[in-house]
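Convention: sequence-line order gives letters A, B, ...; per-chain numbering from 1. These figures come from a predicted structure and were not determined experimentally.
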Number of protein chains: 2
Amino acid sequence: MKMPTKGFSHKKPTIKDIAKLVGVSHVAVSKALKDAPDISSALKEKVNRVASEIGYMPNASASYLSSKNTAHNIGMIVPSLGADTAYDEAFKAISEAAAFKNHSILLGVSDRNRDLERQYCRIMCENRVGALIISPISSEIEDIKQICAQTVPLIFIGGKVDSKEQHCVHLNYSKSAALAVDYLYALGHRDIFLFLYHPMNKTIMQKKEGYEKAMRARNLTPTVYLEGESADTYTAGCVLTESLIKSGNLPTAIWCASDLMAIGVMDTLKLNHFKIPEDISVMGHDNLPFSKFSAYQLTTFDVPKKALGEAAVNMALTIMENGDDEERIHVSLEALLIKRGSTGKAPVKIRDKGNEI
Amino acid sequence: MKMPTKGFSHKKPTIKDIAKLVGVSHVAVSKALKDAPDISSALKEKVNRVASEIGYMPNASASYLSSKNTAHNIGMIVPSLGADTAYDEAFKAISEAAAFKNHSILLGVSDRNRDLERQYCRIMCENRVGALIISPISSEIEDIKQICAQTVPLIFIGGKVDSKEQHCVHLNYSKSAALAVDYLYALGHRDIFLFLYHPMNKTIMQKKEGYEKAMRARNLTPTVYLEGESADTYTAGCVLTESLIKSGNLPTAIWCASDLMAIGVMDTLKLNHFKIPEDISVMGHDNLPFSKFSAYQLTTFDVPKKALGEAAVNMALTIMENGDDEERIHVSLEALLIKRGSTGKAPVKIRDKGNEI
DNA sequence: TTGTATGCGTTATCAA
DNA sequence: TTGATAACGCATACAA
């Protein structure tokens, strides 16, 4: 029989211990601790005093098990947390709102690994989180739905899922595409390329289709390049740009599917003595923290990360309080164009030979 | 009586349901599910088949309540997750190792708010995490210790706590200071400033003292500037640099306590037509993702974030498996100098009037 | 205003 | 190899 010196995983005081010390039943203590209306304030005071004296700490597992209606945690699964995404901000919004109601967040980073994502789903289910906020790594969500069915309500966030059959906070990326082409066209650009990366999920497809549609609507030829993986779009931007420079096939404007990719493009252009935006305009997407640095001044789209988190956590809390009824909640958010110094008027020589009507 | 259509927070299958269907006691099912040696493989197979058929999902709360020795989660509290820190990487290392053992991470972001930090400590305790990995916002950890005492073992990470009485993975920042001065001195710099920000916690103090000691050891005069807050060190870097430019009091090299601050410094210098590193060298600390961008090429210190997370999670898992014995575990990590283009030889005119012996 | 009895889902102990 | 029973800490319905 092991007896840890520090007393962990050993005997923590329970409401029964308090009950003994105060001289009442553990039921009275339970009620007193949660400030029930049918307990005398004298007893409440006594109970609370003794509780803090002996270092009583409620046991969330026991509480949950006993009263089945109140889950104590919220789950969240994201593909990444690092510089390439902005889920840290969404997490902060979620976590803060949850902490306010004494819930905590179980966070899993799937690292764009399907097996890990499923593993986290299972963990969340076993922990009976009140809701699982998930930005899936793919639009194929059948396996996720199957794992969590009947156990945990799902809230999908991000650009990959936009179904009326699921709760979701959806980011509309096709709108970004329309705005990007609009903006560059107004600056005189006719030769606009789009840089994408693998995998070709719904997020990327929306940008691609939105871009192609907007270009064709103006009688312009869409040109799409695809390179690299979502885990390292910076390098993809560098590689693409270098090959374009070599082939002498540069447009007057490049829109990149991610800020990091745009940074790679700008770095490569500058190394090759191109001026931004005088020679070429560059745009990104996501408004990541470094985009505003004066060395880049990247024109980009701000995705409302905080609003995303807030919408999601509100859904989660609603579900946890009122149950998950038939009706699916659906929130749609759009990115906002942030104009900075990386974009400017199209260079004159190019504009002259452009296909203006 | 509410009956949620989707069946959440309602009746999930339990081992008793499996027991009924298979025709054995729930105890046999419990054992079968965990592959106990004293159960026939025939029964195991049957049980597992039925379990997956009816969508059985273990209940971690019940499991924990029953067998007190195995906590199922690990807690983690950090001051921030965003671009100004690098805890996302540490988190990933921790989370991955934990998921491997079917543990999940309860994450709290204190946002450098003391009340929130305490709130999260309480939540972690109520959830009975097996260990709490915390990077406290201050070196004053008495309140944290008091809240968690007897309930949750603490593992301190980062530069703020370096006590033999606590488990900790400590980052030694004074070593960085020595290396920074060493390196700049070897490049010919004699006029080296240190830029710091509030609050003056242990992390900052280590850099300050290490720097001053190293400078004095070379008969150089230490010059320390203090500006802004940890939440926005970029602006602090800009402000400090502008005022130095105005007063014409620029050194040949500046070492900043954070990369973000160094970026602010570089941006401001470049806006004022200073060349880096020809006119002035700039160094940072932390090797954040943007430091390597070719527009900055920031010489900095890489703090071993992954190693930090790995050391911490190993401690946590050890404690969860073997209990928390008397002996405190102590790991010390040092940052590694990353030489890039933002530092170079001291400008000649300055070197001539420098105080060389 | 307080107490008794019962149950939540699982594991541990011991007996069969 | 399996099963009956008790226990984990707390909350609820109902009784006192």
Side-chain angles (χ1 to χ4, degrees), chain A residues 1-2 8-47 51 54-72 102 125-128 130 150-151, chain B residues 1-2 8-47 51 54-72 102 125-128 130 150-151:
Chain A
M1 177 72 182
K2 188 166 45 188
F8 298 120
S9 81
H10 190 53
K11 271 294 175 195
K12 274 150 282 230
T14 74
I15 50 170
K16 283 186 185 168
D17 296 320
I18 301 177
K20 243 175 249 167
L21 287 172
V22 176
V24 292
S25 86
H26 71 277
V27 177
V29 174
S30 171
K31 288 179 175 174
L33 284 174
K34 56 179 41 174
D35 202 23
D38 60 347
I39 293 287
S40 71
S41 50
L43 182 58
K44 283 177 187 169
E45 204 177 326
K46 217 169 171 185
V47 165
I54 66 174
Y56 169 75
M57 190 66 79
N59 183 323
S61 287
S63 167
Y64 169 71
L65 200 57
S66 175
S67 73
K68 299 304 309 307
N69 37 355
T70 42
H72 40 300
N102 229 278
C125 287
E126 295 186 7
N127 278 279
R128 297 292 193 272
Q150 304 299 96
T151 306
Chain B
M1 176 75 180
K2 187 166 45 185
F8 296 121
S9 81
H10 189 55
K11 269 295 175 195
K12 274 150 281 229
T14 74
I15 50 170
K16 285 186 182 168
D17 296 320
I18 301 177
K20 245 175 244 166
L21 287 172
V22 176
V24 293
S25 85
H26 71 278
V27 179
V29 173
S30 172
K31 286 180 177 174
L33 283 173
K34 57 178 39 176
D35 203 23
D38 59 349
I39 294 287
S40 70
S41 51
L43 181 58
K44 282 178 188 170
E45 205 177 325
K46 218 169 170 183
V47 164
I54 65 175
Y56 169 76
M57 189 67 77
N59 184 322
S61 287
S63 167
Y64 169 71
L65 198 56
S66 178
S67 73
K68 300 305 311 304
N69 37 356
T70 42
H72 40 301
N102 230 278
C125 286
E126 295 187 7
N127 278 279
R128 299 291 194 271
Q150 302 300 96
T151 306

Out of [options], which has the shortest distance to the side chain of [X]?
X       : options              : result
A/Ser66 : C/dG3, D/dG9, C/dT11 : D/dG9
A/Lys31 : C/dT10, C/dT2, D/dG9 : C/dT2
B/His26 : D/dA6, D/dT2, C/dT2  : D/dA6

Taking OP1 and OP2 of [N], is either one under 4.0 Å from a side-chain nitrogen or oxygen of [X]?
X       : N      : result
B/Tyr64 : D/dC10 : no
B/Ser40 : D/dT1  : no
A/Lys16 : D/dG9  : no

Rounded to whole angstrom units, what separation is found between the [atom1] atom of [X] and the [atom2] atom of [N]?
X        : N      : atom1 : atom2 : answer
B/Lys44  : D/dT2  : NZ    : P     : 10 Å
B/Leu65  : D/dA6  : CG    : C1'   : 13 Å
A/Glu126 : C/dT11 : CD    : P     : 10 Å
A/Lys46  : C/dT1  : NZ    : P     : 16 Å
A/Asn59  : C/dG9  : CG    : P     : 16 Å
B/Ile15  : D/dT5  : CD1   : P     : 16 Å
B/Leu33  : D/dT2  : CG    : C1'   : 15 Å

### Task
Using a 4.5 Å cut-off on heavy atoms from C-beta on, say whether the side chain of A/Asn127 contacts that of A/Tyr64.
no
### Message
So B/Glu126 and A/His72, do their side chains get closer than 4.5 Å, heavy atoms only?
### Response
no
## Note on the structure
Rounded to the nearest 0.5 Å, the CZ atom of B/Arg128 sits from the OG atom of B/Ser61 at a distance of 12.0 Å
### Separation of A/Ile15 CD1 from A/Ser30 OG (nearest 0.5 Å)
5.0 Å
### Message
Please check: side-chain N/O of B/Lys44 versus main-chain N/O of B/Ala36, any donor-acceptor pairing under 3.5 Å?
### Response
yes
#### Entry: Comparing B/Arg128 and B/Val29 on DNA chain D - which has the more 5′ nearest nucleotide
B/Val29
### Task
Would you mind telling me which residue lines up with the more 5' stretch of DNA chain D, B/Gly23 or A/Ser30, judged by nearest nucleotide?
B/Gly23
Heavy atoms under 4.0 Å, any strand shown: does [X] hit a base, just sugar-phosphate, or nothing?
X       : answer
A/Ser25 : base
B/Val27 : base
A/Lys34 : sugar-phosphate

### Task
Give a yes or no on whether a donor-acceptor pair under 3.5 Å exists between the nucleobase atoms of C/dG9, that is its base, and the side chain of B/Lys12.
no
### Message
On DNA chain C, compare the nucleotides closest to B/Asp38 and B/Ala60; which residue's is nearer the 5' end?
### Response
B/Ala60
